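Everything below concerns the one structure shown next.
All of these numbers come straight from a predicted model, not from anything done at the bench. Order of the sequence lines sets the chain letters (A, B, ...), proteins ahead of strands, with each chain counted from 1.
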2 protein chains.
Amino acid sequence: MLPEPYDLLPTTARQSHTIAAGDVLFRQGARTLGLYVLITGRVHLERVGPNGERLIIHRATSGTSFAEASVFSERYHCDAIVMDAGELVRIDKSAVLAAFANPDFARAYGRHAAQQVQAHRQIMEIVGIRRAEDRVMAGIVAGLLDGTVVDFAARLQLTHEATYRALRALVEAGRVTNPSRGTYRLA
Amino acid sequence: MLPEPYDLLPTTARQSHTIAAGDVLFRQGARTLGLYVLITGRVHLERVGPNGERLIIHRATSGTSFAEASVFSERYHCDAIVMDAGELVRIDKSAVLAAFANPDFARAYGRHAAQQVQAHRQIMEIVGIRRAEDRVMAGIVAGLLDGTVVDFAARLQLTHEATYRALRALVEAGRVTNPSRGTYRLA
DNA sequence: TCTGGAATATGATTTCAATCATATGCTGCC
DNA sequence: GGCAGCATATGATTGAAATCATATTCCAGA
């Protein structure tokens, strides 16, 4: 099943594809076909700077959509390159644009987008905290430590070593508990 | 004039307010009235953690909206506190929800939100670059250096000192030009 | 069951950005 | 016109996170 709000679209709007490492889904400047939902695998969005610098715009992960803005644009403005094999669903630009005439879809889309924006803002605030210990604490308070510590560290833009050390310091300070290997909770 | 897409809403949906430092616009748990567009001034959104930690969720700046997700929620889930006096416009939750029945508004909202998400993802990628010089270069390539260097540094989550030093190093490396005091461009 | 890979965890060292300090240019305003 | 405040700019020092290294545990899969 597709994640919200794309589950509300007719099945005719979607096309499943398997992807292999190195595949190029689209190139900067190509006509837009639509957005993508990554089921499994990894995809990088990259932009090439005026002087040839490669700049990673986004790393798409399982269960998330990417290139949403392409629905509102004539041309892709970055490259999409498959890093790890997997599968994805392409969702037609025209189907999405048409679906905005359906208030249920429109509201679901709006809700989803608003929540995403909020989550991004919060992570950006947290990432702005300089001290690793404070940053990790804020990340825990924000509920970002749900999966592995390695994933958590990546979301905080810290190395996992720094994150483990901060977690230990927080445990020693009594602010966090470590009920079992790899699990941490607010004290 | 309000920023997109709220300019499409009927004027009856908006209420202008002047705000003073220290004012509380809403509290965590209060019934949601709607979202806000900050015209001038500064507003912080803060959440209080389970153990009383204050965590800044977002710093709203002039010309931007905040609490968009409240439109889809019964209760505010953070506090909104005015840091610097100014003025803002409150936009009724019910008016926004109703406006999603208008495909033009829905699409404008979708486009705006998708672009914001994209911009956030890009900034997060850039902020994840460790070396100050690489980060600053990426920021320039991404077109983030439009205002002052101080603002640019804040967006990159770097101190302005580190940013100035990186800019100088980039100029010395011939990757960036410094046509006049305070202005930098790609070489 | 063995094996390989990833997550967990922590120690030692290095590096580089933060911090502290200082100076100048520019702008608005009283 | 002078002063306050901010942006620009750079030097010196410090501190903390990155990096490098290593060990153990856990899990999936051959």
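Summarising the geometry, the separation between CZ on B:Arg181 and C1' on C:dT24 is reported as 6 Å, rounded to the nearest angstrom. In this entry the distance linking CD of A:Glu172 with C1' of C:dA9 reads 12 Å, nearest Å. The interatomic distance linking B:Tyr164 (OH) with C:dG25 (C1') rounds to 11 Å, in whole Å. What separates CD of A:Glu161 from C1' of C:dT15 is a distance of 15 Å, to the nearest Å.
A distance-only check finds a donor-acceptor pair linking the side chain of B:Arg135 to the backbone of B:Ile129 [under 3.5 Å].
Note on B:Tyr184: only backbone sugar-phosphate atoms sit closer than 4.0 angstrom, heavy atoms only; bases stay farther off.
To the nearest 0.5 angstrom, B:Phe26 atom CZ is 14.0 Å from B:Arg75 atom CZ. Here the straight-line distance linking atom OG of B:Ser65 with atom CD of B:Gln116 works out to 6.0 Å at 0.5 Å rounding.
Rounded to 10 degrees, the angle between the two end axes of the helix from C:dT1-D:dA30 to C:dC30-D:dG1 is 50°, with five pairs used at each end.
Residue B:Phe66 forms a side chain to side chain contact (heavy atoms under 4.5 Å, CB included) with just one option from B:Leu35, B:Val37, B:Leu25, and that option is B:Leu25.
For the pair B:Arg165 and B:Asp151, nearest-nucleotide mapping onto DNA chain D gives the more 5' position to B:Asp151. Comparing B:Thr148 and A:Thr159, the nucleotide of DNA chain D nearest to each residue sits closer to the 5' end for B:Thr148.
Residues satisfying the side-chain contact (heavy atoms from CB on, under 4.5 Å) test with B:Leu144, not counting sequence neighbours, are B:Ile123, B:Ile126, B:Ala142, B:Phe152, B:Arg155, B:Leu156.
Every pair passing side-chain hydrogen bond (donor to acceptor under 3.5 Å, both in side chains) that includes a residue from residues 34-46 of chain B is listed here, sequence neighbours excluded: B:Arg42-B:Asp84, B:Glu46-B:Arg54.
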| request: List the steps and the verdict of side chain to side chain contact (heavy atoms under 4.5 Å, CB included) for B:His120 and A:Val117. | output: CA-CA 8 Å; B:His120 283 150; A:Val117 166; 3.9 Å; yes
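Below 30°, between 30° and 60°, or above 60°: for B:Tyr164 and B:His160 the angle between ring planes is above 60°, a perpendicular geometry.
For DNA chain D, the contact window with chain A, defined by any atom under 4.0 Å from a protein heavy atom, covers D:dA17 to D:dT25 in 5' to 3' order.
Salt-bridge check for A:Arg121 with A:Glu125: failed, with every basic side-chain N at 4.0 Å or more from each acidic carboxylate O.
Near DNA chain D, meaning a heavy atom under 4.0 Å from it, residues 125-136 of chain B has B:Arg130 in order of number.
Considering every non-hydrogen atom in both A:Thr163 and A:Ala153, the closest pair reads OG1-CB, 3.1 Å.
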Tell me which donor-acceptor pairs under 3.5 Å the side chains of residues 2-9 of chain B have, and how far apart each pair is, sequence neighbours excluded?
from   : atom 1 : to       : atom 2 : distance (Å)
B:Glu4 : OE1    : B:Arg111 : NH2    : 2.7

